[in-house]
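Here is the structure we will look at.
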Number of protein chains: 4
Amino acid sequence: VLRVTKPYKLASREFHPIDTIIDVSVACVSGGKVSIGGQSVVMMAGPCTVESERQLMTTAEAVREAGAVILRGGAFKPSTSPYGFRGLGEDGLKLLAKARDEFGMAVITEVMTPGDVLLVSEYADILQIGTRNMQNYFLLDEVGRTRMPVMLKRGMSATIEEWLLAAEYILSQGNPNVILCERGIRTFEKATRNTMDISAIPLTKQLSHLPIVSDPSQGTGRRDLVSPMTLASIAAGTDGLLIEVHPNPDEALKDGAQSLTISQFQELMPQVHAVATAIGRDVITE
Amino acid sequence: VLRVTKPYKLASREFHPIDTIIDVSVACVSGGKVSIGGQSVVMMAGPCTVESERQLMTTAEAVREAGAVILRGGAFKPSTSPYGFRGLGEDGLKLLAKARDEFGMAVITEVMTPGDVLLVSEYADILQIGTRNMQNYFLLDEVGRTRMPVMLKRGMSATIEEWLLAAEYILSQGNPNVILCERGIRTFEKATRNTMDISAIPLTKQLSHLPIVSDPSQGTGRRDLVSPMTLASIAAGTDGLLIEVHPNPDEALKDGAQSLTISQFQELMPQVHAVATAIGRDVITE
Amino acid sequence: VLRVTKPYKLASREFHPIDTIIDVSVACVSGGKVSIGGQSVVMMAGPCTVESERQLMTTAEAVREAGAVILRGGAFKPSTSPYGFRGLGEDGLKLLAKARDEFGMAVITEVMTPGDVLLVSEYADILQIGTRNMQNYFLLDEVGRTRMPVMLKRGMSATIEEWLLAAEYILSQGNPNVILCERGIRTFEKATRNTMDISAIPLTKQLSHLPIVSDPSQGTGRRDLVSPMTLASIAAGTDGLLIEVHPNPDEALKDGAQSLTISQFQELMPQVHAVATAIGRDVITE
Amino acid sequence: VLRVTKPYKLASREFHPIDTIIDVSVACVSGGKVSIGGQSVVMMAGPCTVESERQLMTTAEAVREAGAVILRGGAFKPSTSPYGFRGLGEDGLKLLAKARDEFGMAVITEVMTPGDVLLVSEYADILQIGTRNMQNYFLLDEVGRTRMPVMLKRGMSATIEEWLLAAEYILSQGNPNVILCERGIRTFEKATRNTMDISAIPLTKQLSHLPIVSDPSQGTGRRDLVSPMTLASIAAGTDGLLIEVHPNPDEALKDGAQSLTISQFQELMPQVHAVATAIGRDVITE
């Protein structure tokens, strides 16, 4: 009889000692898929928010050329203010699907409410649960009833244990394809938007078998910290990166201050390869 | 032309200088209603979770006798673990309605997902939005489309500004009946479950016209702190209290450690009256 | 044999079940002393920093008339910047002593380093240990070797347990005259300078026999919150208040934004009496 | 005229655009010195606390062989409890000096109070200011009056700005030899002792010209996180590491849970070299 000493079970490494590896279909790479949680580090990049066809296509093409294999972009956007931009909705999803077709990337995008899970699943390859919804239990139940890969962002003031219990909600509905995402926590520090908890990467690796990726854009809120925090994440053992890139960050509708320019992303990629190699991993790019 | 200098408008005192007062039908008091946000402090009490008819009726009768006019109790319960008790659902709502009929109290209970707003509205007098859902924007939109009183708990790591912006979501959908609820924030302190931010009471009073109530049970997580924090809330200007009471806290399915016993609640009420009187207010009890 | 289950012993209520009451000589009251930790709430007020004879005398006279019995004022001031005002030093101490002689109040002032303990003790009736020095162990040892009353402010991110262990440093050197002071903790909230932890008042009362006072000026950093937080502190059981008052806050060299004007302090005092009376206590004023 | 837009001046990169490099005499390396803040990453290791000659010598020899060039070890130890071990004092300093003579390493050790600055300076090559003393201004003044290298740990709840202002205290007394040290901040997370703020490394590099080193032992409080956080620190641009190593961590008098074993430290060193090389730096070892 297995004795799990944690409040979560299915998410625990005691229950499932071997790393979970989640395959995602990606047309642009050889073999047609990437594995998240395995030997390779996976680069996901794109705009914070889908704003227009031109903005999305320009960004997708550029990040694909630089080596990203998964395209990020928000169609449904949580906005702290009701007067903020809340995304293009289904039109944004359609643009993401078009970019996928054109550049062979997989698509990750956020779903915010149970009633939209079916809709978003039609367009996305990975469903993203945002930080504000980490404990939206009806939403967790609903994505748990699919078999889609789900990237579960850490709540902005969630403990590691609460985060793994949120993953347990999804797993316990029968969906084993959960990817954790560290995106910074709330502290007293004012110079950064959040304090990125890099230690969460090796810690969840010990406590759980689930893959973990890092979001240094949300994690810091500052463009000038994204590259060093990307490299730090890799050195600490992250399985992937989720990076905001915008062709013209100063004109972005949301979060321009934390988006890399295309050329900054291009400059970052060789460093990503170098640090991954240094710790005995590689980066899937083609 | 009005110049509102805050990111929220409808929630601001600049936009609406006079205190918002929200009337709730309460059969057991003379006049048949209580006003939240006015001269009187309103006492809401009951079990954390509706567990059984007996538990609910016993508690409702006792807190009513002691002077509470609104009955609290969870039918849909957020649980950090998927294996925890998630409430009796509609059966719990029916028990709450039965207690309302029997004791003449109004009922406040939580709604957790947009799809349940209609259902919960049939049974409740006040809809509660829990701390984990303060930024569940589709839920805020949905309760904003009703004209029900909505009690919006502060997110466990939400700033005052984010909280008022969440209220703005509801207000901007046309529902003016928003009640704020301070329920403690997350800090480094380990001796209490949360750190109750009493300063949020006078601060929201200055920034906004909305009523505010206090939840010292969630706010501290410790039964032995509930009474002093109730009195502190009143002295700081709260419009109401939301207090967990259980006939046998040690056998409670959830949060027994923070529930008052019935006799503790009875002992608290005269002190509530005394402090309210000291600052020139009163307490509606009949 | 006593079994203390906490990491601190001398500070624990298990070791010393009866409330510690600390007498301070105060010429202006009948009997010539006030007791901190007993039946009465003690009002301490004065400027953040001693700036000039005129500023100090004006403030002392006014707060004395309004009912304060202990005069606060910094002669050695911790300043976050080396270019900030660090206080008048011994000249400030002399002015405090002069005010004591003139108005019959006791004096509380901060000592920042072991080498100054003897000097400050010559002028002060109560030694204050500031929040930044709560874990300055050589300083705690040094004030522990005196028999002066010592007011120990909570560190700005100290847990209750660490705070009581800091008190234990002083007690274990043989000085039983320790007064705790809650002055707000550091959280993510930006609208206030600190988040005042009112629950620390009843919690330390349970864990310890030591008196506790509240500093709503430092605790909030906002003048408009000082009065409600004063009343909340009293309702929660504080033994005293430490309030910054300045004859012209907008011209204060330090912390003017959190200082009450003299007339605000005068208006607050009747409310202080009313709330104290409501919970069965009184306020020593003459 | 220089316009510095920060509250600190001497610590700012605007005032001093070129990286400060601090040379420390180290007999065991070629050239007889190491430079902190330059091209090379500097490894500092040793026990949390000097416990005995045997413990210190064993550890020093082992970490020297593995490539550390600076020996850390506490002779004066801050202890949360007055009943905890407070260090061997001057006897500990003498043992550190003996280890320096024997193995050719430089010595870094903590000074806790102004009165000990002269004493500790006789034995140490680098003075360490601990997290609890980051705002012990009399101590900062005193080490500022020496010309010793001073490693200033970040206060456990200090903002980056407050930390640089504490550095400014030392610099403004005329001592330019300040090294910053990130050692984790206090958050709500309970699984780690502190949350290590890796983003502080690139952020201070932008704001300031001062070198920065990382303490992943204090920063996490968990042995199993020290190695990944060491590598993450290097990837993020740290100038050095301060690592607790103990020959038998389970018998350590203090902080054994966060000390690497000697063999863990030996295994870490090749990875340190690999990641440093990946980002274009090297590691001084001989």
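Numbers restart at 1 for each chain; the letters A, B, ... are given by sequence-line order, proteins then strands.
- Around CD of D:E251, the count of heavy atoms belonging to other residues, nucleotides or ligands within 6.0 Å does not exceed 12.
- Annotation: maximal heavy-atom pairing with chain D below 4.5 Å, among C:F76, C:F188, C:Y83, occurs at C:Y83.
- A distance of 10.5 Å separates CZ in D:R186 from CD1 in C:I185, rounded to the nearest 0.5 Å.
- A heavy-atom distance below 4.5 Å is found between the side chains of C:S172 and D:P82.
- Contact annotation for C:A11: neither backbone nor side-chain heavy atoms come within less than 4.5 Å of a heavy atom of chain D.
- Annotation: C:I21, atom CD1; neighbour count of heavy atoms from other residues, nucleotides and ligands within 6.0 Å is above 12.
- Looking at D:T131, neither its backbone nor its side chain comes within 4.5 Å of chain C, counting heavy atoms on both sides.
- Going from atom CG of C:L139 over to atom CG of D:N133 covers 10.0 Å, rounded to the nearest 0.5 Å.
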| query | Should C:E168 and D:S81 be marked as a side chain to side chain contact (heavy atoms under 4.5 Å, CB included) after you check the CA-CA gap, both sets of side-chain angles, and the distance that decides it? | reply | CA-CA 8 Å; C:E168 190 86 4; D:S81 164; 6.0 Å; no
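- By number of non-hydrogen pairs under 4.5 angstrom with chain C, the leading residue of D:Q173, D:R86, D:E161 is D:R86.
- With a 4.5 Å cut-off on non-hydrogen atoms, D:P78 touches chain C through its backbone and its side chain both.
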| task | Walk me through it: do D:E162 and C:R132 pass the test salt bridge (charged side-chain N to carboxylate O under 4.0 Å, His left out)? | result | CA-CA 12 Å; D:E162 290 167 335; C:R132 294 168 176 80; 5.9 Å; no
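- With values rounded to the nearest 0.5 angstrom, D:T80 atom OG1 is found 13.5 Å from C:Y8 atom OH.
- D:T187 does not touch chain C: none of its heavy atoms, backbone or side chain, sits under 4.5 Å away.
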